[in-house]
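Before any comments, here is the structure.
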Amino acid sequence: MRIMVVPCDGIGPEITRATMEVLEATDSAFGLGLEFEYEETGFDSLAKYGTTLRPETIERARRFDGVILGPQSHMDYPARDEGGINVSAGFRTGLDLYANVRPARVRPFLPARVPAMDIVIMREATEGFYPDRNMFKGIGEFMPTPDVALSVRKITAPACERIARAAFEMAMKRGRHVTAVHKANNFIVTDGLFLERVRTVACEFPEVRLDEVIIDAMAAHLVRDPSRYDVIVTTNFYADILSDLASELSGSLGLAGSINANAQTGLVCAQAQHGSAPDIQGRNVANPTSLILSAAMMLSWLGEQRGLPGFEAAGQAITEAVDAVLAEPGNRTRDLGGSTNCDDFGHLVAEAIAVPELRAAAAG
């Protein structure tokens with residue numbers, strides 16, 4: 001199984017290093033046969049090739065089974081025509097990784113801002129309000145006059161249908177409840193199309209209950225009582241905001257795993273939810289949990305898609321090992337009130353992989 005490793009910018013190399021130690025320990029413990037190859041993107045690629053993301057990189061990625069993608073410093077990149085390509089968007093659109101799966105759950109041994117939460121947000125990741133992925137050529141944001149800026153939103157029926165189907169399939173494995181989030185009272189055409197296609201797909205899953213909630217109300221409901229929800233499906237921009245909110249409510253954005261996937265092509269990319277945090281770059285204080293859990297999700301997804309139970313078990317083992325380490329206050333990184341550095345946290349999780357008793361205790 002071949003995995004492309006893309007550390008990218010900011011704290012990316014640090015949290016990738018910790019994640020790789022965990023993956024190598026998992027590979028050894030479960031005999032997965034993982035092979036890793038590194039690829040340059042972001043500022044390293046810009047300095048070397050004049051662009052943050054080369055087309056060749058995306059073409060190479062198609063020949064791999066999975067990708068580990070570190071965070072990018074897109075806000076600091078030069079203009080697009082000067083080589084500043086959004087790396088994350090490039091992978092998502094270039095590989096058609098339409099399903100951005102973002103779970104959020106409360107851990108009883110960590111402080112949280114809500115008493116209970118265990119949800120999965122299914123985010124459509126290839127279109128929506130994001131102007132760098134809405135046009136065949138150019139971007140969907142422009143200024144017809146110096147004092148007027150316009151942005152185009154793209155919503156297509158096929159994209160809505162496939163993310164809806166992914167959400168209902170996820171719900172069938174969980175609580176059989178899907179909530180479609182929208183703003184169709186204002187975006188009558190675009191969100192109207194989204195809702196129409198979600199309802200159509202819902203007819204294929206009579207066992208799953210479908211609710212529809214307006215985006216601003218949904219934000220309030222997540223703060224008030226997220227335990228009411230199971231799987232949330234929505235468009236790109238809404239899901240981006242709701243998933244960050246949910247992760248922070250459940251404990252920290254630094255605990256939020258995430259994958260971008262396409263079940264039809266079999267491609268998957270593990271990617272931390274958080275950004276590149278250049279203010280702490282190179283200080284070895286970043287929390288690598290999000291990328292480690294994303295890698296665990298990637299292994300589990302590959303196992304499920306390809307009928308490889310060892311990969312599913314390995315993904316679960318990483319998740320349990322992370323919980324076992326976090327359950328001890330002295331093991332936590334600075335953002336969670338502890339003092340453990342990034343490298344040492346990776347060491348601790350890698351060690352826990354080899355101790356089933358620790359993982360079992362964390363799993364309860």
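- Under a 3.5 Å cut-off, the side chain of Thr16 and the backbone N or O of Gly12 do form a donor-acceptor pair.
- Between Glu304 and Lys173, the closest side-chain pair of non-hydrogen atoms falls below 4.5 Å.
- For the atom pair CG of Leu69 and SG of Cys269, the computed distance is 4.5 Å after rounding to the nearest 0.5 Å.
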Could you go step by step and tell me if Val233 and Ile163 meet the side-chain contact (heavy atoms from CB on, under 4.5 Å) rule?
CA-CA 7 Å; Val233 62; Ile163 193 62; 4.1 Å; yes
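- Looking only at distances, a side-chain donor or acceptor of Arg113 sits under 3.5 Å from a matching main-chain atom of Glu248.
- Taking every heavy atom of both residues into account, Phe194 and Thr234 meet most closely at CZ-CA, 3.6 Å.
- Two residues are said to be in side-chain contact when any heavy atoms from C-beta on lie closer than 4.5 Å; Val322 and Thr319 fail this criterion.
- Here Leu222 contributes atom CG and Ile241 contributes atom CD1; the two are 12.0 Å apart, rounded to the nearest 0.5 Å.
- Within 6.0 Å of CE on Met75 lie no more than 12 heavy atoms contributed by other residues, nucleotides or ligands.
- By the criterion of side-chain heavy atoms lying less than 4.5 angstrom apart, applied directly or through intervening Ile, Leu, Val, Met, Phe, Trp or Tyr residues, Leu34 is grouped together with Val349 in one hydrophobic cluster.
- Judged by distance alone, the side chains of Glu312 and Ser300 never bring a donor and an acceptor atom under 3.5 Å apart.
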Can you check side chain to side chain donor-acceptor pair (under 3.5 Å) on Glu24 and Thr26, steps first, answer last?
CA-CA 5 Å; Glu24 288 163 1; Thr26 306; over 6 Å; no
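- Each of Arg123, Arg92, Arg102 was evaluated against Asn260; a single residue qualifies, Arg92, per the side-chain hydrogen bond (donor to acceptor under 3.5 Å, both in side chains) test.
- Asn236 places a side-chain N or O within donor-acceptor distance of the main-chain N or O of Glu127, the cut-off being under 3.5 Å.
- Not one N or O on the side chain of Asp9 forms a donor-acceptor pair closer than 3.5 Å with the backbone of Gln72.
- Leu293 is connected to Ile259 through a chain of hydrophobic side-chain contacts under 4.5 Å among Ile, Leu, Val, Met, Phe, Trp and Tyr, so both are in one cluster.
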Set out, in order, the CA-CA distance, both residues' side-chain angles and the distance that settles side-chain contact (heavy atoms from CB on, under 4.5 Å) for Asp230 and Val120, then state yes or no.
CA-CA 6 Å; Asp230 179 29; Val120 176; over 6 Å; no
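- With salt bridges taken as basic N to acidic carboxylate O contacts below 4.0 Å, one links Asp96 and Arg162.
- Here the shortest heavy-atom pairing between Phe91 and Ala61 reads CE2-CB, 4.1 Å.
- In the hydrophobic clustering of ILVMFWY residues, with side-chain heavy atoms under 4.5 Å counting as a link, Leu242 and Met117 come out together.
- At distances below 3.5 Å, at least one donor-acceptor pair connects side-chain atoms of Asp27 with backbone N or O atoms of Gly33.
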Quick one, Asn86 with Ser88, criterion side chain to side chain donor-acceptor pair (under 3.5 Å). Give me CA distance, side-chain angles, the key distance, then yes/no.
CA-CA 6 Å; Asn86 184 323; Ser88 177; 4.7 Å; no
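- Summarising the geometry, atom CH2 belonging to Trp301 is positioned 7.0 Å from atom CZ belonging to Arg306; distances are rounded to the nearest 0.5 Å.
- The environment of CZ in Phe36 is crowded: more than 12 heavy-atom neighbours from other residues, nucleotides or ligands sit within 6.0 Å.
- The two residues Ser247 and Ser250 make their nearest non-hydrogen contact at O-OG, 2.8 Å.
- Here the side chain of Asp118 pairs no donor or acceptor atom with the backbone of Arg105 at under 3.5 angstrom.
- Side-chain contact annotation: Asp216 with Tyr238, donor-acceptor N/O pair under 3.5 Å absent.
- Looking only at distances, a side-chain donor or acceptor of Arg62 sits under 3.5 Å from a matching main-chain atom of Gly94.
- Between Glu212 and Arg199 there is a side-chain heavy-atom pair separated by less than 4.5 Å.
- Not a single donor-acceptor pair under 3.5 Å links the side chain of Asp65 to the backbone N or O of Ile3.
- Using a 4.5 Å cut-off on side-chain heavy atoms (C-beta onward), Phe168 and Glu204 make no contact.
- There is a side-chain donor-acceptor pair under 3.5 Å between Asp240 and Tyr130.
- Rounding to the nearest 0.5 angstrom, the gap separating the CG atom in Leu299 from the CG atom in Leu308 is 10.5 Å.
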For residues 41-48, which side-chain N or O atoms pair as donor and acceptor with protein atoms under 3.5 Å away, sequence neighbours left out?
unit_1, atom_1, unit_2, atom_2, d
Ser45, OG, Thr51, O, 2.6
Lys48, NZ, Glu40, OE1, 3.4

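- By the rule that hydrophobic residues join a cluster once side-chain heavy atoms approach within less than 4.5 Å of another member, Phe311 and Phe64 end up as members of separate clusters.
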Verdict with supporting geometry, Glu320 and Ile318, side-chain contact (heavy atoms from CB on, under 4.5 Å)
CA-CA 5 Å; Glu320 292 171 1; Ile318 294 174; over 6 Å; no
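- Taking CD of Glu37 as the reference point, atom CE of Met4 lies at 7.5 Å (rounded to 0.5 Å).
- In plain terms, the two heavy atoms of Val87 and Leu53 that are nearest each other are O-CD2, 4.0 Å.
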Give the C-alpha distance, both sets of side-chain angles, the deciding distance and a yes or no for ring pair (Phe, Tyr, Trp, His ring centres under 6.0 Å) between Phe129 and Phe187.
CA-CA 12 Å; Phe129 268 124; Phe187 294 103; 5.5 Å; yes
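- Arg133 CZ to Thr93 OG1: the interatomic distance, rounded to the nearest 0.5 Å, is 7.0 Å.
- Side-chain atoms of Met297 and Val268, non-hydrogen and from C-beta on, never get closer than 4.5 Å to each other.
- Arg176 and Glu207 are not joined by a salt bridge, as no carboxylate oxygen comes within less than 4.0 angstrom of a charged side-chain nitrogen.
- In this structure, Asn186 and Ile188 have side chains that are not in contact, with every pair of non-hydrogen atoms separated by 4.5 Å or more.
- Looking only at distances, a side-chain donor or acceptor of Glu14 sits under 3.5 Å from a matching main-chain atom of Asn284.
- For the residue pair Glu21 / His347, a side-chain donor-acceptor distance below 3.5 Å is found, with atom types taken as modelled.
- Using modelled atom types, one side-chain atom of Ser290 and one backbone atom of Ala256 make a donor-acceptor pair closer than 3.5 Å.
- Both Ile68 and Val101 belong to a common hydrophobic cluster when Ile, Leu, Val, Met, Phe, Trp and Tyr are linked at side-chain heavy-atom distances under 4.5 angstrom.
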Kindly determine whether Asp323 and Arg107 satisfy salt bridge (charged side-chain N to carboxylate O under 4.0 Å, His left out), including the steps that lead there.
CA-CA 8 Å; Asp323 281 358; Arg107 296 164 173 83; 3.0 Å; yes
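- Between the side chains of Thr333 and Asp335, at least one donor-acceptor pair of N or O atoms lies under 3.5 Å.
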For Arg153 and Glu141: C-alpha separation, side-chain torsions, deciding distance, then whether salt bridge (charged side-chain N to carboxylate O under 4.0 Å, His left out) applies.
CA-CA 9 Å; Arg153 184 191 196 199; Glu141 195 168 44; over 6 Å; no
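- Contact record, Pro103 with Gln273: O-NE2, 4.1 Å, taken as the closest heavy-atom pair.
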Applying side-chain contact (heavy atoms from CB on, under 4.5 Å) to His274 and Ile15, what does each step give before you reach the verdict?
CA-CA 11 Å; His274 58 71; Ile15 64 173; 3.7 Å; yes
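- Closest approach of Val67 and Met298 over heavy atoms only: O-SD, 3.8 Å.
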